[in-house]
Amino acid sequence: MARKNQTLGEFIIENQAEFKYSSGELSRLINSIRLAAKVVNHQVNKAGLVDIVGAAGETNIQGEDQQKLDVIANETFISTLKNREIVCGIGSEENDDFITIEGHKEDNQNKYVVLMDPLDGSSNIDVNVSVGTIFSIYRRVTPPGTPVTMEDFLQPGRNQVAAGYIIYGTSTMLVYTTGHGVNGFTLNPAIGTFYLSHPNMQFPKDGTIYSVNEGNYTHFPLGVKKYIKYCQEESENRPYTSRYIGSLVSDIHRNMIKGGIYLYPKSSLNANGKLRLLYECNPMAFITEQAGGKASDGYTSILDLKPTALHQRVPFICGSQHMVEKAEAFMAEFG
Ligand code: P6P
């Protein structure tokens with residue numbers, strides 16, 4: 001039961017019975033993410049003041065310049081998760097391969113793998129636009145005590161036991177689900193405590209906001225072009241409002257509160273779209289569905305896709321159920 005202004009710690013304890021595995025494990029998992037989120041929040045908030053903004057000089061597997069905060073966020077979450085004796089492996093946007101965590105005990109009985117985008121939207125950092133962390137949690141499928149394998153990471157999104165995001169915006173929020181609805185917690189930075197501010201978040205079934213990078217319009221499939229024109233034409237509650245921050249967490253968080261649709265479709269420039277299935281689309285799809293919304297690649301539910309590679313990309317359409325269904329109808333008819 002969610003009570004307004006409950007702390008995240010109280011909420012986890014009062015709701016851990018819902019978690020079908022050992023209650024203490026969930027608490028330790030979410031608590032480690034909570035701690036890392038506070039550390040990263042502090043770094044993000046001071047980015048403009050200290051020379052940690054701007055490219056770290058490296059590039060990640062995506063071939064994107066690694067911003068210094070990307071590196072800091074990645075290292076913060078990895079070290080925090082390693083020290084909790086519960087995670088046996090981590091997959092991150094910033095690491096080419098997955099990380100195996102041996103654990104301090106002889107027989108590593110750690111049962112969870114975490115996939116994450118430690119700082120999504122990082123290109124926005126040096127222009128002071130909100131960014132986010134996205135995480136996805138699975139139980140390993142290979143036997144505890146043996147080295148974690150790629151099979152433990154390439155699970156369909158339907159298998160997630162928890163997923164969430166942290167949005168470092170005008171306030172810092174942690175939003176997550178363990179399969180029993182979605183709850184949002186806002187950080188009081190003065191005392192470093194997350195308070196339940198958005199209990200039982202629900203995606204409105206309809207909305208009037210569409211989020212897509214229209215600069216790619218000419219490269220989109222015909223069905224996507226037709227849907228965008230549908231959003232723009234005068235009729236009943238249209239034209240819709242176009243809102244695109246260029247930060248996945250921010251765009252979807254806003255749409256979940258106000259109603260709306262986010263699209264990153266395939267195009268002649270990106271045959272599979274841009275977003276990564278394992279640590280962007282799956283966790284955001286789990287949250288979206290738990291909040292009553294819909295998420296697909298235009299044809300198949302994101303959560304039903306069978307992953308084939310750690311960093312694979314998929315087309316992503318996510319948001320208010322009726323808006324996603326309308327976009328899917330155009331794509332079914334026109335491709
Ligand atoms: P584009 C950020 O790089 C990101 O992964 C998402 O956060 C965001 O929605 C999208 O890419 C923006 O991509 O091509 O429109 O700049």
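Both counts, for ligands and for their atoms, begin at 1 and track the order of listing. For this chain, numbers begin at 1 and follow the sequence in order.
Every atom of ligand 1 is numbered from 1 in the order shown, and the set under 4.0 Å from a heavy atom of Glu280 is 5 (O). Every atom of ligand 1 with a heavy atom of Asp120 under 4.0 Å away is listed here by number and element: 4 (C), 5 (O), 6 (C), 7 (O). Interface of Arg276 with ligand 1, defined as ligand atoms under 4.0 Å from a residue heavy atom, comprises 5 (O).
Polar contact with ligand 1: present for Tyr262 (N/O pair, distance under 3.5 Å). Here's the thing with Asn213: one of its N/O atoms is less than 3.5 angstrom from an N/O atom of ligand 1. In terms of N/O distances under 3.5 Å, ligand 1 is approached by Lys274.
Atom 12 (C) of ligand 1 has its closest protein heavy atom at Tyr244 OH, 3.2 Å. The protein non-hydrogen atom at the shortest distance from atom 14 (O) of ligand 1 is Tyr264 OH, 2.6 Å. In terms of protein heavy-atom proximity, atom 8 (C) of ligand 1 is nearest to Gly246 O, 3.5 Å.
The parts of Leu248 lying near ligand 1 are both backbone and side chain, judged by heavy-atom distances below 4.0 Å. Contacts between Glu93 and ligand 1 below 4.0 angstrom, taking non-hydrogen atoms only, are absent altogether. Contacts of Leu275 with ligand 1, taken as heavy-atom pairs under 4.0 Å, involve the side chain alone.
In the model, Thr186 has no side-chain atom that pairs as donor or acceptor with a side-chain atom of Ser171 under 3.5 Å. Looking at Gln232 and Tyr210, their side chains do bring a donor and an acceptor atom within 3.5 Å of each other. Between the side chains of Thr208 and Asn237, no donor N or O sits under 3.5 Å from an acceptor N or O. The closest side-chain donor-acceptor pair between Arg140 and Tyr112, if any, does not fall under 3.5 angstrom. In this model, no donor atom of one side chain and acceptor atom of the other lie less than 3.5 Å apart for Asn216 and Ser267.
Glu280 and Lys274 are not joined by a salt bridge, as no carboxylate oxygen comes within less than 4.0 angstrom of a charged side-chain nitrogen. A salt bridge is absent between Asp251 and Arg243: the closest approach of a Lys/Arg side-chain nitrogen to an acidic carboxylate oxygen does not fall below 4.0 angstrom. Between Lys294 and Glu328 there is a salt bridge, since a side-chain N of the basic residue sits under 4.0 Å from a carboxylate O of the acidic one.
Ring geometry for Tyr176 against Phe185 counts as parallel: the plane angle stays under 30°, on a 0 to 90° scale with 60° as the upper cut.
Under the 4.0 angstrom criterion for non-hydrogen atoms, Ser123 is not in contact with ligand 1.
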